[in-house]
Amino acid sequence: MENREIVRLLTETADLMEIAGEDGFRIRSYRNAAAVIEGYPEQMGAILASPERKVTEIPGIGKGIAAVLEEIAQRGSFERRDEMLARFPGSLLELLKIQGLGPKSISLLYQHHGVKDIDGLERLCREQKLRELPRMGAKLEEKVLRSIESYRKRAGRFLLSYGHHAAAEIMGELRNLPGVERVEAAGSLRRGKETIGDLDILVSGPDLAGDGAAPILEHVIKLPKVEEVLGQGANKASVKYGFEGLQVDVRALASDSFGAALQYFTGSKEHNVTLRTNALKRGLTLNEYGLFTVEGGQRVAGENEADVYAKLGLPWIPPELRENSGELEAAAAGRLPGLIRPEDIRGDLHMHTTETDGKATLREMAEAAAALGYQYIAITDHSKALAMANGLDEQRVVEFARHVRELNRDGLPLRVFSGLECDILRDGAMDLAEDALAELDWVIASVHSHMNLDESEMTDRLARAVSSPNIRILGHPTGRMLLHREPFPFRFDEIASLAAARGVLFEINASPERLDLNGAMARTARAKGCRFAISTDAHHPSHLENMTYGVSTARRGWLEAADVVNTLPLADFEAFLQRRR
DNA sequence: GCCGTTTTCGGCCCGACTGTTTTCAGTCG
């Protein structure tokens, strides 16, 4: 069993143990073990199978968890999990995603009213029975109902990163099959959208038009992670993939229609509608099999996507732009942007270490970043307002800055800048004194608390932060957590104008849970003259690889390398830092 | 349940907010 699934079993059990009211420290051990395994470079299964290795050598895994891992490897579950599932239905886990309810309340609701899923919870709130329970009232009922609504809105969607991993697995399988020429993921995944609803995978080969596709589709429905087969025809198989039930559609195609199909299934729907309308004006008709003349039905293009666009008088349009938001006009006028590419990135400017809530040391992060070919990084641990993360106070910041200056003389694998992710306090003031911030090379200012202020208060708060003399950039500017928390409200145009005027950058946070700013806002900000940094907010060396999600978000925002400061070569970036704003 | 040891058990991150209370439990980050 893969690490990711082990992590899921441990986390799920920890959640149920919380509902059961078990010892918090034991629960934390389960969660900690899950976190360690999630970031571990080797498969637990491989270590368990090796006679000279012991999983207990991994910090955070002791005798208890080792036994659990052993049991999982043997039968796919473990005793405590089974015991929990016998006491509580697994559907209770979904209730934890409703804001305002925690394990204690869920346990109470289950015991008193038999509430075991979202529908039951909604009914209870509507009947105003929630308020009859101790310490619950009308306000909570309202909050829960609101939270259910927003939960339903996003249900069934998946993070881009999740889609990427699933697609990589499936495509890896398909590429090795006989008769397969090309494999490509289309849909919102290819457009780099922040969340995806399902996965569209296209497979082509010379003989895959008719019955030739059968063995490939047969292989798809037998993949080990397929939970349910939703449908299977001559050219398409549709399955639920993985525990989370991601719908995956695999389409087999003849080689000569691959490009047209890729175009068609990449979308967006709006982009395609406009494109087809334009085609008709040229006497052409476009569908998933190719581009044809209206009269006579002659094939004009189809094998390659670029040819489809070319025959419509357009340059190839990068998938990230295909939202019918001006890209077709820009393409027709020869004014498509030269979008930033992953290989343009020269450094990562937001990451955490064991000084606060990161999982690796400065040196480990530096080595991982150097291995990615970067020239520089900034270490940006939390400030003291984030007490839970052991945030840095003024004294520790000043010492840290000095320490980094020494380290840079002392054989680090790349240039390290001293930085901080400084909390923006409720009133917009910085968490640390300006003279301490002035010691640092790179100060990010971020909101981590009081996210429920109204629009005016939040705008004032951010305006004050942007006006603060030592900050260079606003971190994850809207505070959203994808599929989990809405962005906090503020007047973005005002803040973007102010940021542009004061030379404060916007972060495009590449963490797949954030992608903040999003593409549309980045585009707005750019139009106002703002510049950006794309950063991973890594808490573990492996998170540095999330940069690609930030780059696709920037591309969705029409950004070019010149808009993004961490595309600068080291010397130029240093010069940029020297110019005080 | 893990860890670190003062080798056999005690400590494990904690402050703020909310809505409910009438002094605080539960949630959140």
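So that the names make sense, note that chain A is the first sequence line, chain B the second, and so on, each numbered from 1. Being a predicted model, the structure only gives us computed values, none of them experimental.
With a cut-off of 3.5 Å on both Watson-Crick or G-U wobble distances, the partner of B:dT8 is given as none.
Using C1' as the reference atom, B:dT18 and B:dT7 are 46 Å apart when rounded to the nearest Å. Taking atom C1' on both nucleotides, B:dT21 is separated from B:dG26 by 13 Å, rounded to a whole Å. One C1' atom belongs to B:dT6, the other to B:dG11, and the distance between them is 14 Å to the nearest Å. To the nearest whole angstrom, the two C1' atoms, one in B:dC28 and one in B:dT22, are 24 Å apart. A gap of 24 Å separates the C1' atoms of B:dG15 and B:dG10, to the nearest Å. Comparing the same atom, P, in B:dC9 and in B:dC14 gives a spacing of 25 Å after rounding to whole Å. Between B:dG1 and B:dT5, the distance separating the two P atoms is 23 Å to the nearest Å.
Looking at heavy-atom distances under 4.0 Å, A:P134 makes no contact with the nucleic acid at all. At a threshold of 4.0 angstrom between heavy atoms, the contacts of A:R80 are confined to the sugar-phosphate backbone, with no base atom among them. Among the heavy atoms of the strands, none lies under 4.0 Å from A:L386. Looking at heavy-atom distances under 4.0 Å, A:I61 makes contact with sugar-phosphate atoms alone, never a base. Across all strands, A:G24 comes closer than 4.0 Å to no nucleic acid atom at all (heavy-atom distances).
Regarding contacts with the backbone of B:dC13, a side-chain N or O of A:R28 is found under 4.0 angstrom from either OP1 or OP2. For A:N452 and B:dT18, the shortest distance from a side-chain N or O to OP1 or OP2 is below 4.0 Å. Side-chain nitrogen and oxygen atoms of A:R26 include at least one within less than 4.0 Å of the OP1 or OP2 phosphate oxygen of B:dG1. Contact annotation: A:H450 does not reach the phosphate of B:dA16 (side-chain N/O to OP1 or OP2, under 4.0 Å). When the side-chain nitrogen and oxygen atoms of A:S105 are compared with OP1 and OP2 of B:dT27, one or more of them lie within a distance under 4.0 Å.
Taking each heavy atom of A:I37 and A:L10 in turn, the nearest pair found is CD1-CD1, 3.8 Å. A:P489 approaches A:M458 most closely through the heavy-atom pair O-CB, 3.2 Å.
Nearest-nucleotide mapping onto DNA chain B: of A:G102 and A:K63, the residue sitting toward the 5' end is A:K63. Taking the nucleotide of DNA chain B with the nearest heavy atom to each of A:R485 and A:I65, the more 5' of the two is matched to A:I65.
In this structure, A:D516 contributes its side chain and A:T478 its backbone to a donor-acceptor pair below 3.5 Å.
Of the candidates B:dC3, B:dC2, B:dA25, the closest approach to any side-chain atom of A:P59 belongs to B:dC3. Of the candidate nucleotides B:dG19, B:dC13, B:dC28, B:dC28 has the atom lying nearest to any side-chain atom of A:Q99.
Side-chain contact check for A:E513 and A:S511: at least one donor-acceptor pair (N or O, by modelled atom type) lies under 3.5 Å. Inspection of the A:H352 and A:H350 side chains reveals an N or O donor paired with an N or O acceptor under 3.5 Å. At a cut-off of 3.5 Å, with distance as the only test, no side-chain donor of A:D423 or A:H382 sits close to an acceptor on the other residue.
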